[in-house]
Amino acid sequence: MSSVGKAVERPVVYLSVDVEGDCPPYLQTWRGLDEGLPRLLALFAEEHVPATFFTTGEAAQRFPSRIAAVVEAGHELGSHGLTHRNFRDMTADEADYEIASSAALLRSFGNVTSFRAPYLSFPEAFVPLLSKAGLTVDASRSAYKRQEAPYQGPDSPARLTTSVTSSVLRLPRAIRNPWFAMLTSPVSLFVHPWEFVDLRASKLRLDCRFRTGDAALNALRSTIRWFAANGAVFRHVRDHASQA
Ligand SMILES: [Zn+2]
């Protein structure tokens with residue numbers, strides 16, 4: 001981070017969790033909601049950090065008590081679409097339906113103003129649909145994938161760019177920390193509940209299974225502490241609307 005070691009400005013870190021079925025689209029199980037999510041809530045409580053939980057409508061329908069616990073713990077609830085379908089495979093009408101119905105469903109648990117598309121894959125032509133649904137921050141863009149030119153209309157939500165993909169947070173600290181040190185503020189990091197379930201023995205692509213379970217939890221704790229030691233301020237993604 002450019003501001004590490006300088007007294008002037010503390011780096012802002014947005015920590016988020018994409019709440020969905022296990023390693024989509026490869027698995028049809030929900031162990032992350034059952035086993036991983038409570039571990040994350042306990043970790044964030046121990047480390048006193050706020051997080052944003054981008055949740056699919058389907059996850060909220062299947063596990064309402066888990067989502068209620070997220071809100072109860074003071075975290076932000078955001079939308080991760082309805083079904084975790086890739087928005088690049090949808091018509092504008094389908095995208096409108098996914099965005100509006102997921103927001104409506106999630107709002108039965110609490111206020112929802114932030115959005116992240118599944119697979120960080122969101123056509124810029126659909127961006128105005130977010131404002132229409134009352135979503136004021138879009139966190140679907142990333143620093144590590146090819147991006148379309150950003151939509152610039154007056155009805156654009158604030159855009160928050162994801163800094164690194166989730167599996168980077170599971171790398172050994174000797175690789176991870178120098179990587180983090182190169183990021184610029186605001187830093188946007190995300191994980192998934194299923195990463196905190198031991199999937200090492202499953203037949204999945206490597207980035208879905210390596211160092212999952214306890215190792216992932218320890219790595220996330222160590223990541224939070226590394227940023228905290230470097231002066232980071234942890235914020236909810238919704239706060240980016242006033243920062244952007
Ligand atoms: Zn996802």
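Just follow the structure's listing: the first ligand is 1, and inside any ligand the first atom is 1. Side chains are part of it too, since the values below use all heavy atoms of this structure and drop only hydrogens, waters and symmetry mates. Owing to the predicted nature of the structure, the values given are computational and were not obtained by experimental measurement.
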**Item:** Contact check: His192 to the Zn ion (ligand 1), N/O/S below 2.8 Å
**Value:** no
**Message:** Which atom name would you report as the N, O or S atom of His80 nearest the Zn ion (ligand 1)?
**Reply:** NE2
**Request:** Run the salt-bridge test on Arg141 and Glu124 with the 4.0 Å N-O cut-off and return the result as yes or no.
**Result:** yes
**Item:** Ion pair Arg88/Glu148, N-O distance below 4.0 Å
**Value:** yes
**Message:** Under 4.0 Å between a side-chain nitrogen and a carboxylate oxygen: does that hold for Asp138 and Arg116?
**Reply:** no
**Request:** Look at the N, O or S atoms of Asp18, main chain and side chain alike, and state whether any lies under 2.8 Å from the Zn ion (ligand 1).
**Result:** no
**Prompt:** Do Glu98 and Arg85 sit within salt-bridge range, that is, some charged N less than 4.0 Å from a carboxylate O?
**Reply:** no
**Message:** Tell me the angle that OE1 of Glu20 and NE2 of His84 form around the Zn ion (ligand 1), rounded to 10°.
**Reply:** 90°
